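Just so you know, residue 1 is the first one in the sequence shown, and it goes up from there. The model shown is predicted, which means the values in this text are computed figures rather than measured ones.
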Amino acid sequence: MYQQIPLRLTPEQASREENIKKIAAHKLKLTPAEISGIRIARRSVDARQKQVMIQMQVDVWAKEPVPEMQPKSFHWSNVESAPEVIVVGAGPAGLFASLKLIELGLKPVIVERGKEVSERKRDIALLNRNEQLDEDSNYAFGEGGAGTFSDGKLYTRSKKRGDFRNFLEILHFHGADDDILIDSHPHIGTDRLPGVIRNIRKTIISCGGQFLFKSRVIDFILEGDTIKGVVIDDGTKIKGRAVILATGHSARDIYRLLHAKGIKLESKTWAMGVRVEHPQELIDQIQYHTPEGRGKYLPAASYSFSHEVEGRGVYSFCMCPGGFIVPAMTGPDEMVVNGMSSSKRNSPFANSGMVVEIQPGDLGEYKKYGVLAGFQFQQEVEKLCYINGGQGIVAPAQRLIDFVDGRLSFDLPESSYVPGTVSAPLHFILPEHIVYRLKKGLAYFGKRAKGFLSDEAIVIATESRTSSPLRIPREKETFQHVSIKGLYPCGEGAGYAGGIASSALDGEKCAIHVAGFLKLARP
């Protein structure tokens, strides 16, 4: 007999297979000896009540052998001699677009401004030591894109945009842990993602795909209203049957190039704010409703807050339990921070972006920059925070309570931000319309979660790369740019913010439309 059953267990009960087996047997009115085996199909933490519970869907076999688990395998054909499609950017959108192109019989030529992941790790180490910023190899640029070194959370609303399960299985096939297939909030971890990304690259190359690292696109080859290829920074022209543009939210030079060539762009809503960091133990106590925190059996607690202040959303973004705050700038004289967690989420700190929705009409004097107004505003705020920081990339910071109350912090709590922090009046430095709404939002979150407005918490600026302030518009039905044939904006650049999953699934869909456009998709 096989049956899948729901179980609701205490954290301690859920920690051992023999406990789960006994409870499953009782529910099925069997003895534990009659249970041949169990397998967890789905798992989530329910912390809505005082007693935190683990909810599971469990596959149970009784009085019959347990079938051997067969992970899904993938077989991509060789496309070395197939028609070439240029993929600009080796982030999630670009990599998953490339895998899908191979599946559909097309050869991806991936052009990436940054370095492969091993070299990129060395550049990030230098950045963390406040020694050197490589503008093409950092937390945003390089193999795997911004997601590689910014946590690896996989749960997003993008589940509606494609085959989310298949996406997880591809990551699992390339080395991600089994847990991503069962957890409701799957997470790989920034320590494990580089290996997964490296294995995806190996798959693409083994199938005849091509990578061009350290190759920044500086121009597009256009013939009338059709794109024929790209020009990279050493002057080489690379031609292809189509171009998938998967450059992410921070490739400002690409957006400016598109604008300079008269290729249509559109302003959109985005968000900007700060990173807030607490001791993880405090967040555990708040979210698990107990002074003991998470104890022995629960994971580091996370949170998700949102509120509306005078017509604009204020919300937490990319919450990293057991994580670190990292320097995420991509150019000189910028101060940008982001968050990440390792697979074990075992840092003593918890951090999250706390951001305010910004609509194109909110930019006032920056409207003179037209569609690039958001970028200009974003850059100037980043520069202002850089000026008010310490030497190099030492970040301006403030105690959370002081920020909300509008006073300078005379000292700062310990932080995970390795380059260091310096006290600065962020309530005065940041734009007034952001500060006002952040204060209101944080005060509201403090009422919802007692203890959140803590003197132990620190605010670090600035969290400005939540998504791009503009999008590259495309046709809804074909995914092709609204005026340039053969150009396929993809992922963050097309306005599909939401992290690794959102970008990857959008990349797959984009590749399907490219194949349809070229009429070369295999049956």
side-chain contact (heavy atoms from CB on, under 4.5 Å) between Y386 and M329, worked out: CA-CA 10 Å; Y386 174 83; M329 60 286 298; over 6 Å; no
Working for side chain to side chain donor-acceptor pair (under 3.5 Å), residues E277 and S416: CA-CA 8 Å; E277 184 172 70; S416 69; 2.4 Å; yes
Evaluation steps, side chain to side chain donor-acceptor pair (under 3.5 Å), between T330 and R465: CA-CA 10 Å; T330 55; R465 307 287 179 92; 3.2 Å; yes
Residue pair Y139, I124: steps toward the side-chain contact (heavy atoms from CB on, under 4.5 Å) verdict: CA-CA 7 Å; Y139 276 102; I124 284 173; 3.3 Å; yes
Worked verdict on L518 versus V85 for side-chain contact (heavy atoms from CB on, under 4.5 Å): CA-CA 10 Å; L518 298 177; V85 174; 4.0 Å; yes
Intermediate values then yes/no, side-chain contact (heavy atoms from CB on, under 4.5 Å), M335 and I393: CA-CA 7 Å; M335 178 50 65; I393 57 170; 4.1 Å; yes
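S464 pairs in a side chain to side chain donor-acceptor pair (under 3.5 Å) with only one of the listed residues (E382, Q379, E334), which is E382. Just one residue in the list V356, V355, V309 forms a side-chain contact (heavy atoms from CB on, under 4.5 Å) with L438, and that residue is V356. Of the listed residues (K214, R113, K115), just one forms a salt bridge (charged side-chain N to carboxylate O under 4.0 Å, His left out) with D136, and that residue is R113.
Looking at H481, its side chain does come within 3.5 Å of a backbone N or O of K264 through a donor-acceptor pair. Under the 3.5 Å distance criterion, the side-chain polar atoms of S206 are matched with a main-chain donor or acceptor of T203. Between the side chain of K268 and the backbone N or O of S468, at least one donor-acceptor pair lies under 3.5 Å. In this structure, E492 contributes its side chain and G248 its backbone to no donor-acceptor pair below 3.5 Å. For the pair S341 (side chain) and T190 (backbone), a donor-acceptor distance under 3.5 Å is absent. Checking side-chain atoms of H259 against main-chain N and O of Y255 turns up no donor-acceptor pair under 3.5 Å. No donor-acceptor pair under 3.5 Å is formed between the side chain of N338 and the backbone N or O of V326. Between the side chain of E116 and the backbone N or O of S118, at least one donor-acceptor pair lies under 3.5 Å. With hydrogens and angles disregarded, no donor-acceptor distance shorter than 3.5 Å links the side chain of E169 to the backbone of K72. Looking at N199, its side chain does come within 3.5 Å of a backbone N or O of G195 through a donor-acceptor pair.
To the nearest 0.5 Å, atom CD1 of residue I238 and atom CG of residue L212 are 5.0 Å apart. The distance from atom CZ of F213 to atom CZ of R201, rounded to the nearest 0.5 Å, is 5.0 Å. One finds the NE2 atom of H174 at 11.5 Å from the CD1 atom of I188 (value rounded to the nearest 0.5 Å). Within the model, atoms CG of D225 and CG of L487 stand 11.5 Å from one another, a figure rounded to the nearest 0.5 Å. Put simply, OH on Y488 and NE2 on H513 are 8.5 Å apart, with the number rounded to the nearest 0.5 Å. Here OG of S423 is found 11.0 Å from CG of N388. Values are rounded to the nearest 0.5 Å.
Salt bridge absent: D362 and R437 never bring a charged side-chain N and a carboxylate O closer than 4.0 Å. With respect to E380 and K383, no salt bridge is recorded, no charged nitrogen being found less than 4.0 Å from a carboxylate O.
Remark: H427 engages no residue in a ring-ring contact (aromatic ring centres under 6.0 Å, His included) (not counting sequence neighbours). Taking D191 as the reference, S343 meet the side chain to side chain donor-acceptor pair (under 3.5 Å) condition, with sequence neighbours excluded. Partners of E84 by salt bridge (charged side-chain N to carboxylate O under 4.0 Å, His left out), not counting sequence neighbours, listed by chain and number: K107.
Within a 6.0 Å sphere centred on NZ of K237, heavy atoms belonging to other residues, nucleotides or ligands number 12 at most. The local environment of CZ in F74 is crowded, with over 12 non-hydrogen atoms from other residues, nucleotides or ligands closer than 6.0 Å. The local environment of NZ in K485 is sparse, with at most 12 non-hydrogen atoms from other residues, nucleotides or ligands closer than 6.0 Å. At most 12 heavy atoms of other shown residues, nucleotides or ligands fall within 6.0 angstrom of atom NZ in K239.
Ring geometry for F317 against Y315 counts as perpendicular: the plane angle is over 60°, on a 0 to 90° scale with 30° as the lower cut. Ring pair F452/F305 is perpendicular by interplanar angle, where above 60° counts as perpendicular and below 30° as parallel.
Counting heavy atoms from C-beta outward, T148 and P194 have side chains that approach closer than 4.5 Å. P327 places none of its side-chain heavy atoms less than 4.5 Å from the side chain of V337. At least one side-chain heavy atom of I472 sits under 4.5 Å from a side-chain heavy atom of L265. Side-chain contact between V276 and S352 is absent, with no heavy atoms from C-beta onward closer than 4.5 Å. In this structure, F220 and L245 have side chains that are in contact, with non-hydrogen atoms separated by less than 4.5 Å. Considering only heavy atoms from C-beta on, L430 comes within 4.5 Å of V274 through its side chain. Counting only heavy atoms from C-beta outward, the side chains of L193 and I500 approach each other to under 4.5 Å. L106 is not listed as a side-chain neighbour of R241, based on a closest heavy-atom distance of 4.5 Å or more.
For I170 against F96, the heavy-atom pair with the smallest separation is CG2-CE2, 3.7 Å. When all heavy atoms of S503 and P92 are compared, the pair lying nearest together is CB-CB, 4.2 Å. Between C510 and F479, the shortest heavy-atom distance links the atoms CA-CD2, 3.8 Å. I110 and A90 get closest at one heavy-atom pair: CG2-CB, 3.9 Å. Closest approach of G105 and A82 over heavy atoms only: O-CB, 3.3 Å. Residues A515 and L104 share a closest heavy-atom pair of CB-CD1, 3.6 Å.
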